[in-house]
Amino acid sequence: MGSNLLAKGYEPHDVEKKWYRYWEEEGLFDALEENQAQPYAIVIPPPNVTGVLHMGHALNVTLQDILCRYRRSRGDNVLWMPGTDHAGIATQNVVERKLAEQKTDRHALGREKFIEAVWDWRAEYGSAIINQLKRLGASCDWQRERFTMDEGLSRAVRKVFVQLYEEGLIYRGDYIINWCHRCHTALADLEVEHEEIDGHLYHIRYPFPGSDDGLVVATTRPETMLGDTAVAVNPDDERYRGLNATHVVLPLMAREIPIIRDSYVDLEFGTGALKVTPAHDPNDFEIGRRHELPSVKVIGDDGLMTAEAGAFEGQDRFGCRRNVVEALKAQGLLIKIEDLNHSVGHCYRCKTVVEPNLSTQWFVKVKPLAAKAIDAVEAGRTKIIPPNWTQTYYDWMYNIRDWCISRQIWWGHRIPAWTCEDCGEVIVAMEEPTTCRACSGARLARETDVLDTWFSSALWPFSTMGWPDQTKLLKTFYPTSTLVTGFDILFFWVARMMMMGLQFMDDVPFRDVYVHALVRDEHGKKMSKSKGNVIDPLNVIEAYGTDAFRFTLTAFAAQGRDIKMSEKRVEGYRHFINKLWNAARFALMHLETPEDLPTNDQLTVPDRWILSRTRTVVEETAAAIDEYRFNDAAAQLYQFVWHEFCDWYVEMSKPALYGNQGENRARATRGVLWRVLHDMLILLHPLTPFVTEEIWHQLPGAEDSIMRAPFPGDNERLPTLTADPEAEAATATLMQVITGIRNIRGEMNIGPSMKLSVILQSDDNDIRGVVADHRDLVINLARLEDLEVTSTGAKPKASATAVIDKATLYVSLEGIIDFQQEAARLRKEIGKADTELGKLDKKLSNADFLEKAPESVVAKVKRQHADFSDKHKALMSHLERIEALAADG
RNA sequence: GGGCGGUUAACUCAGUGGGAGAGUGCUACCUUCACACGGUAGAAGUCACUGGUUCAAUCCCAGUACCGCCCA
């Protein structure tokens, strides 16, 4: 017996720790800057430095790790670039909360001290998410880990900003933006989450001057009326065709505002009269520009009403709403209040209701950048997988609006712009200027805003590789091979990387974009803290092991469909890991030294069958991973390991391994066992890295890490496996015989300890040959006392019968047969055959089918019909015999 | 309002223009020398509904219903 060092059940925890450390120490994750091998690169979607590992990361990282480990086994020079994102608003919020606990705030600290505090926080907690990624087995090149606020990446950010500014693609202007009063900053359109809210629609009369009559407008935000600068009606609106008045009086403010005509106004909505508030509504802002209306900002950046709000100055915006409504009511100008379910924007970071607000901000003019990004995908230079996301990408790119990139927070890349306090000149530069280039004044004030976090993320594929320097790393690995991401950041991140990559590297950032699903809870709901349905990946890893968890994620990662995750499902795949473990344990008990694969003439039919199947599985697993069909790879390996290797081959190999068939057969079988286990481990390694590495080190002849093992088929030192359809067919026959006998045993309630005698009768020489050649095998697996193979029609009296392709099995049940039971079993089998025959008859009696269907299909149906007829006939005759015997009693 | 996806066994999901699949669960039997996180066998589905194309539709097309997501 060989070494038996493996425990009975697989214990993941120590194994995971041990091998992860080993991989890192051995430098197995490291990419080479220059190498003959084909480069393969992935940049990780950088998790927020404040992040804690969630299911989305787990899936994302698992899939990337599968690709990287697989490509390494194919001999590629793999770079998996890791890092974290400084996550401006999110991180600032976390640190501010911490300050609040200490009864202080950022304003008390001042900008510099606050930023120091953030860096301190990062030093203390910033590696948490990285350590969690390591628990998942992520094989990133950690030596190259980057952070979006690193000096190198900051330089890239400044360079990009300056260059875009000089090309006229960055500008500064007064526009309506989304303002979060809590975070005290502008937000990009994408950063606003819309949510349906039960609100009210207030109908307000704006009287004509000197009249009680007037126009009635409707609004969900009555406090904004204080900043109205016009009322608009549609020029095609019949109701206002004869309107003579040119102005109305703005209630509460006693200000006359003009009535304008603009086709934007919806004829169907409300009264058809629209109040226009250019400072607090994006559409009104556009109307205001068209009609050169003034903008009156009544809600301040602090969420309080401004001096422009007159008597309402200083009130909170929501308190003001109530007060405005009361005041209107008192003046009889509030016509009615309707309930209205409408969508309201919230800050994606803190969920505060955002306010459209007029403000001076920096913008990127994205249309020219988007055009290039569209072309690149249309030309196939970047492929989006699955392809249905391509249209979404185009739609968004075609309708893109300028990107507001300035944020009024402190944590982030400060905009490299200075204003001369003497002459007002704006200077945008990589390094701080000392004097004004226009007036030579020395009083320069730096812009206080920082950049949107996604501005630096957009540069990630090249900034992490050293750009703007022309590094070897960039030369080798840009463009990267694949980007793996969830569709939730397709616009935030992927689209912007495309634009920046094309603009600054003159090439796409990645060849493939693989868009994976979102992980939801077991009922399909989004996981969220407030719903309390969050499953913590680390708890799952603790309970079931990383490999089981990874395999579960992979098995459910079908393209274009969300994953519903529950711990129950992970449990099922833990059983699979344990099954693999025990199969290996069995094999290793018999393997003391590496055994060469014997030549074909020394192999049995089952040997040739499992080797042929191994070859197929190797090819299909490679194809599945190449095409990002991760679930197919997982399903196939599961099926092969459990239901082919374990269920059949291991059982079939036992007599030989235990020496019942001589040392030559034992050695040959060990050779097959070694090879199949060897290939299987390498195939599984990308999905389940830890357990496969652990087993690998017990496999005689396997050298150092499984991470250095070439993919099966790429290894020139091992013989090539060949497809063997003959052996596959013969093995299928043996399986049918064994299953047929087991079926009778099960259906007739005969315990496994009862040894049976079986006669196989067949007119087919091949079938008789195969079964006779593997008599011992059948006896062993079907638990028989005796097996006779014959061509004559000898029918034992008291027997149960199974009809398989071109053969009949008689299971002798002398003395124990229950004729009624056997008759019932046969009738059931006949019923099944009847159903099939009915369907086939119907097809064959259809002249159109015979005429129009392809020949191969017709031939197949005819063959099936003949087979089922034979089976039916045989079953009928057995039934008659059993009924006669039953009558005899 | 616009767009996208889903509806297949009790549950979770694969899948294909030509005989409906898996895992879990369920039932029966079995602690047989890798594994009870196991073995053997079994039961279980009008492939949401209505039309159409086709020799043939669970699959393609159109519409309906319900569920979910994204965008405005």
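In what follows, chains are A, B, ... by sequence order, proteins preceding strands, each numbered from 1.
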Pair assignment for A34(B), Watson-Crick or G-U wobble, requiring both distances under 3.5 Å
none

What contact category does D395(A) fall into here, base, sugar-phosphate, or nothing, at under 4.0 angstrom with non-hydrogen atoms?
nothing

Quick one: which of G42(B), G19(B), G39(B) gets closest to the side chain of D647(A)?
G39(B)

Out of G42(B), U12(B), G18(B), minimum distance to the side chain of F556(A) belongs to U12(B)

A10(B) versus C26(B) - spacing of their C1' atoms, nearest Å
8 Å

At 4.0 Å (heavy atoms only), tell me whether Y638(A) reaches a base, stays on the sugar-phosphate, or touches nothing.
sugar-phosphate

Classify the nucleic acid contact of K654(A) as base, sugar-phosphate or nothing, counting any heavy atom under 4.0 Å across all strands shown.
base

Among the nucleotides G19(B), U12(B), G18(B), which one has an atom lying closest to any side-chain atom of R569(A)?
U12(B)

P-based separation of A48(B) from U8(B) [nearest Å]:
6 Å

P gap between G38(B) and C47(B), integer Å:
33 Å

For G1(B), the nucleotide meeting Watson-Crick or G-U wobble distances (both under 3.5 Å) is C71(B)

Considering only atom P, compute the distance from U7(B) to C37(B) and round it to an integer number of Å.
34 Å

Within 6.0 angstrom of K873(A) NZ, more than 12 heavy atoms from elsewhere
no

For the ring pair Y638(A) and Y573(A), is the centre-to-centre distance below 6.0 Å?
yes

Given RNA chain B, 5'-ward residue of the pair G751(A) and R745(A), judged by closest heavy atom:
G751(A)

In whole angstrom, give me the gap between the P atoms of C4(B) and A9(B).
26 Å

Gap in Å between the two P atoms, one belonging to G15(B) and one to G51(B), rounded
28 Å

Closest to the H575(A) side chain, choosing from G38(B), C55(B), A14(B):
G38(B)

Any strand is fair game: report the nucleotide pairing with A22(B) by Watson-Crick or G-U wobble, both distances under 3.5 Å, or none.
U12(B)

Mind calculating the distance between NZ (K871(A)) and C1' (G19(B)) to the nearest angstrom?
13 Å

Please work out if A583(A) contacts a base, only the sugar-phosphate, or nothing of the nucleic acid, heavy-atom cut-off 4.0 Å.
base

Can you check whether W642(A) has a side-chain N or O nearer than 4.0 Å to OP1 or OP2 of G39(B)?
yes

Could you give the CD-to-C1' distance, from Q639(A) to A22(B), as a whole number of Å?
8 Å

So, is K579(A) near the phosphate of G39(B), with a side-chain N or O under 4.0 Å from OP1 or OP2?
yes

Counting any heavy atom closer than 4.0 Å, what does V650(A) reach on the DNA or RNA strands: base, sugar-phosphate only, or nothing?
base

Paired nucleotide for A41(B) [Watson-Crick or G-U wobble; both distances under 3.5 Å]
U27(B)

Tell me what S753(A) touches on the nucleic acid: a base, only sugar-phosphate, or nothing, going by heavy atoms under 4.0 Å.
nothing

Side chain of Y658(A) (C-beta onward), nearest among G42(B), C33(B), A14(B)
C33(B)

Sidechain N-carboxylate O distance under 4.0 Å for E644(A), R613(A)
yes

Answer with base, sugar-phosphate or nothing: what part of the nucleic acid does E11(A) contact at a heavy-atom distance below 4.0 Å?
nothing

Between N846(A) and K832(A), which is nearer to the 5' end of RNA chain B once each is assigned its nearest nucleotide?
K832(A)

Expressed in whole Å, how much space separates the P atoms belonging to U16(B) and U50(B)?
24 Å

Can you find a side chain N or O atom of H643(A) that sits less than 4.0 Å from OP1 or OP2 on G23(B)?
yes

Record whether the side chain of E651(A) comes under 3.5 Å of the base of A34(B) through a donor-acceptor pair of N or O atoms.
yes

What's E836(A) touching, base or sugar-phosphate or nothing? Going by heavy atoms closer than 4.0 Å.
sugar-phosphate

With a 4.0 Å cut-off on N to O distance, would you call R221(A) and E355(A) a salt bridge?
yes

Once you apply the 3.5 Å cut-off to both distances, tell me the Watson-Crick or G-U wobble partner of G63(B), or none.
C49(B)

Of the listed nucleotides A34(B), G18(B), A41(B), the one nearest the side chain of N582(A):
A34(B)

Does G19(B) have its OP1 or OP2 closer than 4.0 Å to a side-chain nitrogen or oxygen of K842(A)?
no

Please say whether more than 12 non-hydrogen atoms of neighbouring residues, nucleotides or ligands are located less than 6.0 Å from NZ in K862(A).
no

Where the side chain of D848(A) is concerned, which of G42(B), C55(B), G18(B) is the nearest nucleotide?
C55(B)

Taking the C1' atom of each, how far is A62(B) from A22(B), in whole Å?
33 Å

Where the side chain of Q864(A) is defined as all heavy atoms beyond and including C-beta, which of G19(B), A34(B), C37(B) is the nearest nucleotide?
G19(B)

Within a reach of under 6.0 Å around CG of D14(A), are more than 12 heavy atoms found that belong to other residues, nucleotides or ligands?
no

Short side-chain N/O contact to A36(B) OP1/OP2 from K8(A), under 4.0 Å:
yes

Nucleotide of U40(B), C55(B), A34(B) approaching M589(A) most closely (side-chain heavy atoms):
A34(B)

Salt bridge or not for K871(A) and D867(A), using N-O below 4.0 Å?
no

How many Å lie between NZ on K852(A) and C1' on G18(B), as a whole number?
16 Å

Regarding R574(A), tell me which of base, sugar-phosphate or nothing describes its non-hydrogen contacts under 4.0 Å with the strands shown.
base

Before accepting this row, confirm whether a basic side-chain N of the pair K828(A)/E747(A) lies closer than 4.0 Å to the acidic partner's carboxylate O.
yes

Among the nucleotides A43(B), G19(B), A41(B), which one has an atom lying closest to any side-chain atom of K828(A)?
A43(B)

If you compare every side-chain N and O of N743(A) against the phosphate oxygens of G42(B) (OP1, OP2), does one of them come in below 4.0 Å?
yes

Going through the checks in order, is the side chain to side chain donor-acceptor pair (under 3.5 Å) test met by Y649(A) and D607(A)?
CA-CA 8 Å; Y649(A) 188 72; D607(A) 291 338; 2.6 Å; yes

